[in-house]
Number of protein chains: 2
Amino acid sequence: MFERELLKGSLGLMLMALIEQGPMYGYLIAKEIRALTDDVIDLKEGSLYPALHRLEKEGMIEGFWQRREDGVDRRYYRITAAGQAVLDERRAQWSRFSAAVSKVVSDAPSQ
Amino acid sequence: MFERELLKGSLGLMLMALIEQGPMYGYLIAKEIRALTDDVIDLKEGSLYPALHRLEKEGMIEGFWQRREDGVDRRYYRITAAGQAVLDERRAQWSRFSAAVSKVVSDAPSQ
DNA sequence: TTCTATACCTTGTATAACAAAGTATCCTTT
DNA sequence: AAAGGATACTTTGTTATACAAGGTATAGAA
């Protein structure tokens with residue numbers, strides 16, 4: 001699949017950008033991304049949860065359990081100071097990178 | 001490395017977009033991409049040549065050897081009809097995808 | 001003679017998205 | 001009461017691909 005490969009490298013960035021806005025849990029993040037992108041990006045569980053664990057292990061985000069009234073547990077994440085710094089960096093990198101690809105890809109045919 | 005993962009999925013697209021403009025060979029493609037992107041994207045040989053072989057095997061591009069006066073051989077590639085169709089598709093997909101990521105990433109913090 | 005540029009190739013490694021399976025609760029539909 | 005779907009999280013194994021690092025070979029400049 002092609003989409004799958006496009007996603008590599010930008011998923012962590014998207015997760016951090018959403019968590020930056022306030023504590024969020026995995027399932028909600030996936031819904032948010034689908035809503036924001038009109039289903040262009042439909043995150044699978046096998047990508048989402050490992051990615052969150054990865055970011056947590058790297059110290060970019062920190063998770064905490066929160067029990068709902070009905071007894072269901074949710075794992076919320078918030079961004080760390082280190083994560084915020086890396087996020088800023090990666091956001092800039094994404095801008096540079098996507099502009100670079102777009103330039104190569106949509107370069108007018110030589111005439 | 002982060003850049004490395006960002007590149008996944010968009011490399012084939014860039015190669016095809018450049019080859020679309022006229023027959024090109026690997027080494028020149030790498031130089032073109034560096035020049036166009038101000039070195040933001042610096043393609044390594046271990047990525048470039050396997051990617052070209054992949055595209056050729058998939059029938060997206062076709063290669064042919066051309067001997068220079070000094071005896072050096074170059075492998076030029078041109079895009080195929082099938083490749084052109086796939087390129088158009090992937091170009092559109094890249095637009096959708098990059099816009100989607102940018103939207104999630106630069107979404108204004110809730111205020 | 002050594003270095004850089006040109007020009008291609010290949011093997012092995014690391015990473016990460018995802019399919020597919022599992023656990024568990026709640027609510028609605030049949 | 002049973003079945004299905006949504007919610008919510010987890011894990012194992014597979015697959016794809018960028019790249020490091022090695023190789024071959026020629027030409028020209030330092």
Could you tell me how far apart Arg74(B) (CZ) and dT26(D) (P) are, to the nearest whole angstrom? 16 Å
Can you pull out every ring pair (Phe, Tyr, Trp, His ring centres under 6.0 Å) where at least one residue sits in residues 7-40 of chain B? Sequence neighbours excluded, please. Tyr25(B)-Tyr76(B)
Numerically ordered, the residues 42-51 of chain A set in heavy-atom contact under 4.0 Å with DNA chain C is Lys44(A), Gly46(A), Ser47(A)
Distance, rounded to the nearest Å, where Ile29(B) contributes CD1 and dC9(C) contributes C1': 16 Å
Partner residues of Glu45(B) under the side chain to side chain contact (heavy atoms under 4.5 Å, CB included) criterion, sequence neighbours left out: Tyr49(B)
Under the rule for salt bridge (Lys or Arg N to Asp or Glu O under 4.0 Å), what residues qualify as partners of Arg75(B), not counting sequence neighbours? Glu56(B)
Which residues satisfy the salt bridge (Lys or Arg N to Asp or Glu O under 4.0 Å) test with Glu62(A), sequence neighbours excluded? Arg78(A)
Of all the choices, dC9(D), dA16(D), dC18(C), which nucleotide is nearest to the side chain of Leu7(A) once you look at every atom? dC18(C)
From CG of Leu11(B) across to P of dA18(D) the rounded distance in Å is 5 Å
Can you check whether Tyr25(B) has a side-chain N or O nearer than 4.0 Å to OP1 or OP2 of dA7(C)? yes
Less than 4.0 angstrom between a side-chain N/O of Lys31(B) and OP1 or OP2 of dA7(C), yes or no? no
Let me know the distance between NE2 of His53(A) and P of dT12(D), rounded to the nearest Å. 12 Å
What is the distance, rounded to the nearest whole Å, between atom CZ of Arg67(B) and atom P of dA25(D)? 14 Å
Is it true that a side-chain atom of Ser47(B) and a backbone atom of Leu43(B) form a donor plus acceptor pair closer than 3.5 Å? no
If I take atom CG from residue Leu55(A) and atom CE from residue Met16(A), how far apart are they, to the nearest 0.5 angstrom? 6.0 Å
Counting heavy atoms from C-beta on, name the nucleotide in dT17(D), dA17(C), dC8(C) closest to the side chain of Arg54(B). dT17(D)
Test side chain to side chain contact (heavy atoms under 4.5 Å, CB included) applied to Asp42(B) - qualifying residues, sequence neighbours left out: Arg34(B), Lys44(B)
When all nucleic acid strands are considered with a 4.0 Å heavy-atom cut-off, which category describes Leu28(B): base, sugar-phosphate, or nothing? nothing
Nearest-angstrom distance from the residue atom NZ of Lys8(B) to C1' of dA16(D): 7 Å
Atom CZ of Phe64(B) and atom C1' of dC8(C) are separated, to the nearest Å, by 16 Å
From CD of Gln66(A) over to C1' of dC9(D), roughly how many Å is that when rounded to an integer? 16 Å
